[in-house]
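Step one of this worksheet: look at the structure below.
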Amino acid sequence: MNFFIALLVSFLFGLGIYLILNRDIMKIAIGFGIMGHATNIFIVASGILQGEFVPIIITKINEYTTFIFGDDLASGIIAPIIEGTSEAGMYADPLTQALVLTAIVISFATTAVILTLIYHIDKEFETTDVNKLGRMKG
Amino acid sequence: MLLALLYDRSFDSVDPFIILAFIIFLPFAAAFVLPIIGSKMKEKIGWFATLISFICFLAVLYLIPNVSREENLSGIIPWINELGINFSLRADGLSILLAAIVSFIGIMIMFYSNGYMSPKDDLNRYYQYLLVFMGSMLGIAFSDNLILLFLFWELTSISSFLLIGYYRDTEKSIYGARKALLITAGGGLFMLLGFIAIGLVTGTYEISQIVSNPEIILNLKSSPDFAGILILILIGAFAKSAQGIFYIWLPNAMEAPTPVSAFLHSATMVKAGIFLIARFHPVFSGTDLWFYLVSGTGMITMIFAGYIAIRQTDLKAILAYSTISQLAYLVTMYGFTTEILPTIGVSAATFHLLNHSTFKACLFLIVGIVAHELGTRDIREMGGLAKKMPITFIIAIIAAASMAGIPPFNGYLSKELFYESSIIMGQQIGGIWSAIIPMTALAGGVLTFMYSLRLIHKVFLGKPANEEMYSKAHEPGAIMLIPPIILAALIVLIGLFPDLFIEYLVQPAINSIAPGSEKLHVQLWHGFTRPFIMTVFTIAIGLFFYMKYDEIAESQNRFCSNYKWFSLNNLYDKAVNNARSESAKISGSIQRGPPTGYIIWMLVFTIFLILIPLSGFYFSGGNLFDPSIMRLPASEYFLLAIIVITAIGAAIAPKYIVAIMSLSAMGYLVALLYAYLKAPDLAMTQVCVETLSTILFLAVIMKLRKKEAVNPDPRSDQITKLLIGFISGFSFLLVIMATGIVEPFVPFSEYFIENAIELTGGRNIVNVIVVDFRGYDTIGEITVLSLAALCVYNIIRAKGMKKEKKKESKEEEESTNITDNITDIVPEEI
Amino acid sequence: MILQIASTIDNLLLSVPFIYNNVDVLPIAVPLLAGALMILFRHRIKFQKYLNLAVSIIILILAFLLITKVIVNGPSAYAVGEFGKYGIVLVADLLSSSMVLLTAFISLMCVIYSYEYIESESLNQSYYALFNLMIAGLNGIFLTGDIFNLYVFFEIMFLASIGLIFANEKLSSTLIEHKFEGAFKYLVLGMIGSTIMLIAIITTYGTIGSLNMADIALKISILNQEGRLPWQIVAAGLLFIIVFGNKAALFPLHYWLPDVHPTAPTPISAMLSGILIKVGVYGILRIVFLIYAPASSYYLPVLMLISLITIVVGAIGAIAQTDLKRMLAYSSISQIGYVFLGLSIGTAGSIAAAFVYMIFHAVAKSMLFLTAGGVIHHAETRDMTKMGGLIKTMPFYSAAFMIGAMSIAGIPPIAGFFSKMYLLKTGLEAGATIAVFIALITAFATIYYMFNSWISIFWGESLKNKRFHSSHEMMLPIAILCVFAILLGILCNPVFEAGDIVASQIIDPELYISTVLKVIPR
Amino acid sequence: MTTIIAQTISKAVFAICLMYSVNLFIHGANYPGGGFIGGVLLVCGIILIYVTFGINRADKMFKQDWFGWFGFGLLFASIAAIFPMFKNHNYFRSAFNVVHFEFFGISFGELEFASSMMFDVGVYFVVIGGLVFIITQIGKHKYSPPKEKDEKNVSLDRKDNIILPEPKEETEITDNTVSAAEGLQ
């Protein structure tokens, strides 16, 4: 896997973990957000097929076009989309992208839950300090 | 006529196994249906229970001729193969002896209880427990499988626990019940381990196979685990029979109703440990360890318990310590392995087993009568009852004399045997032991004589100490008198005609322990032998010391009050009372409360686990970095740098708004990164989701009290956290770096790319995977989304107990642990 | 005989091909569908109640049919979408199908209990939906043969359990702040666990190129035979241990459990302690003995060590507690340590023992929690020191609690004894004497804390003598579980036999792998 | 932000979002897009309306039971997944068919009908319903400490040892709650 992406991912992980250990409850949520991003980047970047092309097979071009994310954007700015079916190695790994799609949703869902919880904890404990969340111990 | 009926063997065709199973299950079945019958019979339910035990007794009697002919009465039903547990029953002499004692004393006790228990008590429960106990005791007697035996063994512990705690409101009963359960059931656990170990060494749990096969026994004795097995099993047996350090539960168990004490804690349940020792006698005996552990423990307990019994003032406590002491006789004798008359110890012990049950049960019933009439069990409040209760007095004399070993009662016979065996044993060891062992036996006898005499003297003779109570006292009703009379008659009968009982009960038992042993000969008069001389000495010395009885008791009391810490009870109480507070300390230091510590533990553990294979790989010369992968377009460096900057911004900004905005910016940049990584779907999704999550964050922040992060930790804490973050980030880096396809394998993605159009008709492979190839994941994903919505809904509407915060916290401080309360009622005996 | 009955049922089932062919997926599909229906019918209270009961019973029947199919025909693989190993394969071997059956059984009991116990508004609006989706998640975890799918269903179960923790009970005795605090800890630790799980999954995928468990297992064993097992694969397996250990509450990961289990509403506590922590056991069984089996020499010593610490720590915590439900939660930690002890010894016998232990513990512990719910309602407090003398007013509950306590403490003839003995026996056979001895000492502590709490709840002076109208809907599940706790003890042969088969399937995963790889993609 | 201009613009943006989201949804199989992205985009539009108009007004405008939406979506997706079973196929088995529209020899193009499309409809609904529900729930909620009166009632009930169903909490949010929009401005 690419070293710099890996460095970025692990840096974000480290940062996320540091934030999760933070005293402030909101920072914990932010930490999870950062960690979620790190995981997602990791998943995308660790795709086995490191091809040059977006994983969309185009056999017939210009059947109809869309007005923002048309072929131009897809093939021009980001990566070229080639014509005709071709060998699998030419594409970026589609499976990891599909997995990330799922992972994004799941991390959004958990973020929503934790944010609701944080809001209620703030109301109930009258603080955002995690160290005060120690009423149950032993 | 009864005997004639027994010998009319018209049931010979019945499989003995069925009879055995019937004997065991009848009490259980009766206990099960008892509430139904109880609702009709009301307070007369005791007669039903009596009937059940009578039937059991008859069935046991029916088996006696078979056993004395040494027929093989056994049967087996396979139960659990994996554990080697079979429902196998077997009746030999020893089990018949125990079963006869259990069922006979059972009849007496249930009969007696009809008079003793008042109709106001919860009789159904009482008789249920008693019947369950009787069934499990019979189960112990007849089970041929070690694990089956253990099953019944623990059932007796449980039923004893319930019976001791019968008066469940009083703290003393609770204390006693808990103590009995912990010691007997806990000891049982160790015994279970011993049984399992035996099973592993011998390959079977069937007692008859282990005991009868000399090869197996030899195997076991030479096994390196022999000492461990023996100790584990003896722990169980001693705990049950209140020997050694485990004696402490028995005196407290006297909180049970008196018939229960008579039944469980003198006549039968405590005999289970003895029974086990007898059962394993053929396996373990003959080794030095056996003698030292068994006889040693027995002798020490015998003297110690007898000595402590002197200072007791509670009638039942005296009897409890006397029981411990008497059981110690049995243990001592079973520990003897002599070359001359090799089975003398076993014979003596087995005979005494029977005798002890009769006289001790009888004594307990007498005590029950006395306590019932006077309303107290304190020996200092009594006196002169002989005039008021002449019949009780006579019975008491018979029983006490038998216990003290005075001819012509049965206790005398077995005590003579005890003396004889101790002399022989002492001679065998030689040296100073030839004096010490008989002297110990003699000392035990003297102590027994003393407290037996005291019992009669203080209760029935002399002047009444409490006139008021004395005036109320009178002879009890026939229901309460008949059982002790029968028992007393039995004591006399065995004393005068021992041969009948020996032939049908004792001798088969001895044979089953030590096959082919000589016939036991007992006579009331057999010349001026050494045992007889010892008996004379016993009485003489006993009388001499009885003069100084009060002084001895006084000195003991002084010792106890001066050295309170010097007692096992104290140790037990400390352990039990402090268990909760001490473990609360430990648990509190592990479970500290705030989540941060928990997260740190989790991460540290994670890092530790990653380190294991990493270090293995590194030290075997692996290469962690592959330089070929360090290439990236220049434009992307810039993107990565901005992502890092925004992330740091989100991390350090104290104001929430800034942090959220920074996080949001980072999210959009990540979307751009996805675009660079050739994932247009992802980029679009990320942009939309990031927008929504920013809105969500903002919506929450607006409702918080403060819009700023709390002050950070002290610097040292922060450095620790940074360090943990750094190390975990680094270890993840190593894992991530290493991720890369191993050559020969074809990834799944190729299948998707090649077959997408053909199978699904879609060209966007990512989307096709999402809704088609792995659509099952997606349905999970939308479920997660719905669940999040439901969670939010539930969290918002969550309600808890109405707050009484301040009041409750005060109460918590004031309230003491339940175990603390018990310290007050710790009995004063050692 | 069991085989005969099973094959008869199986033959009968053959005549209904719709169910016979899809019985692997129906335990997941039916509750998913039911969950959606419950959301839609949330205003029709009666209908929803009966629908839910019907669905629970249907799932139980389906689980039963599934296990008979597995018993008769061996492990079966079911390709969702018919893409073979490339898609998602559901695999039902005896382990997973028996877990499904256990889940269906315990959840039916908890559902019946909930009718009376959960506040009506909470019950109608979200409870049924969450409950059904949680069952779908659990069954999905047990049946799936795909590691990423495992992650997804893991999240379903996780979020559903969080939602259920916040269901309101009638006469609640939990402070709302405790609920928030416990749930926060649960959520935070669970989310870290999820992140770690994703990393482990992707590391595996990035190295092996496969997401199918059987496929990965095969490829890893090939790599291992060639002697070039990459270290990150081993690390991924260890990371999975963190994830599942977190769910199962192994020692340094157990912190959330004593806070969460007691604060949840009682039927949910029963589900959490009965089933949800077993998910961790199931997962580790799959990880250690199937997917990363060649590297199991790394895993087992670690597991053994932490399981022993878990046993002791749980027992100490349980002794320390005065809060009834918290004591039970700590006891769950200790007991799950026993299961892991059996698992980490790693012989066929000890795995079978761990399996049996797991099942018996599930029955006993969920019954104890349900009983505790009634007791707490009656006493109006969770503090055991403030209770007392309840045996007079609630004899049924005292008997049930007694049976449960005996089972947990391992006193015969209740089920728990046989599993504990099996564990000790197989442990001794495998030569783990010290571990067995520690387990034994802790078993003694178990007797102490279980009976001590029984005494302080049911004996002693009765402080309050109030009448408590325990409804039949609350007593019925307890009674059924009681009967099972006793009957499973006396008639435990089928369970033991199943345990043997399960252990043999786990030790030798070849059958599993070949079953999955035989499925042909279209 | 609750100016007329913002409100008008947001209406327009909502319309564009709606159209584009449908477009994305239909394109999903062949181009970037799909039910999920389409749904999220529409949610963005809806939330924009919520932000600009305030929650209560926006609720009145949409008159939607978002709770039901995701229930419906889940049901739809489930049924779409189960459906192949009735055709003797496995769960989630997909099929597609390309239909040529040809009348009187004139080709009107071709349309592709895929079963996964049906499933995608479910996804679409769940995403819209779920996300909007989450955000509006969090936005709507206003913390109110339990009233004294309730407490007394409950404690009285407890003393009488009769488990009464607790008084139903009002599920509908009263009008005086602070809207998220105010918070978001």
Side-chain angles (χ1 to χ4, degrees), chain C residues 17-19 21-22 24-26 28-43 78-83 87-90 116-117 119-126 129 132-133 136 168-173 176 377-378 380 393 464-471 474 519 522, chain D residues 65-96 114-116 119 122-123 125-126 129-130 133-134 137 143 145-146 150-151 153-172:
Chain C
F18 172 73
I19 293 178
N21 294 336
N22 297 307
D24 306 56
V25 77
L26 282 175
I28 307 165
V30 169
L32 260 181
L33 193 69
L37 283 176
M38 295 298 165
I39 296 173
L40 285 178
F41 288 112
R42 67 191 188 282
H43 296 304
Y78 181 91
V80 175
E82 299 177 10
F83 295 108
I88 291 162
V89 182
L90 302 181
E116 190 58 37
Y117 196 85
E119 194 188 42
S120 56
E121 191 213 329
S122 189
L123 190 67
N124 299 320
Q125 295 285 327
S126 57
N132 276 309
L133 292 180
N168 297 324
E169 35 191 340
K170 289 175 186 166
L171 294 182
S172 171
S173 57
I176 188 72
H377 261 191
H378 180 71
E380 295 174 11
T393 41
K464 293 165 190 162
N465 196 9
K466 293 183 174 180
R467 287 177 302 125
F468 169 62
H469 296 286
S470 176
S471 65
M474 278 170 78
V519 180
R522 73 175 203 243
Chain D
D65 172 23
W66 302 115
F67 206 135
W69 271 58
F70 67 78
F72 172 74
L74 208 52
L75 186 69
F76 205 89
S78 265
I79 289 174
I82 287 179
F83 191 73
M85 287 186 189
F86 296 102
K87 294 274 173 193
N88 237 343
H89 277 295
N90 276 5
Y91 194 62
F92 248 108
R93 158 87 194 209
S94 61
F96 70 99
S115 65
S116 57
F119 174 66
V123 175
F125 276 96
V126 169
F133 184 77
I134 290 171
Q137 282 290 312
Y143 183 80
D150 290 357
E151 204 167 328
N153 277 343
V154 169
S155 58
L156 270 179
D157 291 346
R158 285 192 170 190
K159 271 178 194 165
D160 298 346
N161 313 308
I162 303 158
I163 302 174
L164 291 174
E166 294 204 354
K168 271 198 175 180
E169 203 195 48
E170 291 172 357
T171 39
E172 285 181 11

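Naming convention: chains lettered A, B, ... in sequence-line order (proteins, then strands); numbering from 1 in each chain. Values below: every heavy atom of this structure, side chains too, minus hydrogens, waters and symmetry copies.
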Quiz item: Going from CG on Leu32(C) to CD1 on Ile79(D), what distance comes out if it is rounded to the nearest 0.5 angstrom?
Solution: 12.0 Å
Quiz item: Counting heavy atoms not belonging to Phe96(D), are there more than 12 under 6.0 Å from its CZ?
Solution: yes
Quiz item: Closest approach of Phe18(C) and Met85(D), non-hydrogen atoms and distance?
Solution: CE1-CB, 3.3 Å
Quiz item: So how far is it from Asp65(D) CG to His43(C) NE2, rounded to the nearest 0.5 Å?
Solution: 6.0 Å
Self-check item: chain D contact via Val80(C) - which portion, at a heavy-atom distance below 4.5 Å
Solution: both
Quiz prompt | Minimal non-hydrogen separation, Leu40(C) against Gly68(D), with atom names | solution = CD2-O, 3.7 Å
Quiz item: Tell me, side chain or backbone of Phe70(D) under 4.5 Å from chain C's heavy atoms, or both, or neither?
Solution: side chain
Quiz prompt | Pairs of heavy atoms under 4.5 Å with chain D: top-ranked of Ile39(C), Asp24(C), Asn21(C) | solution = Ile39(C)
Quiz item: Non-hydrogen atoms of chain D under 4.5 Å away: do they reach the side chain of Leu26(C), the backbone, both or neither?
Solution: side chain
Quiz item: To the nearest 0.5 Å, how far apart are CD1 in Ile88(C) and CZ in Phe92(D)?
Solution: 8.0 Å
Quiz prompt | Test item: Asn22(C) and Asn90(D) side chains (from C-beta on) under 4.5 Å apart, heavy atoms | solution = yes
Exercise. Specify the closest pair of heavy atoms between Gly71(D) and Ala36(C), including all atoms of both residues, with the distance to one decimal.
Key: O-CB, 3.6 Å
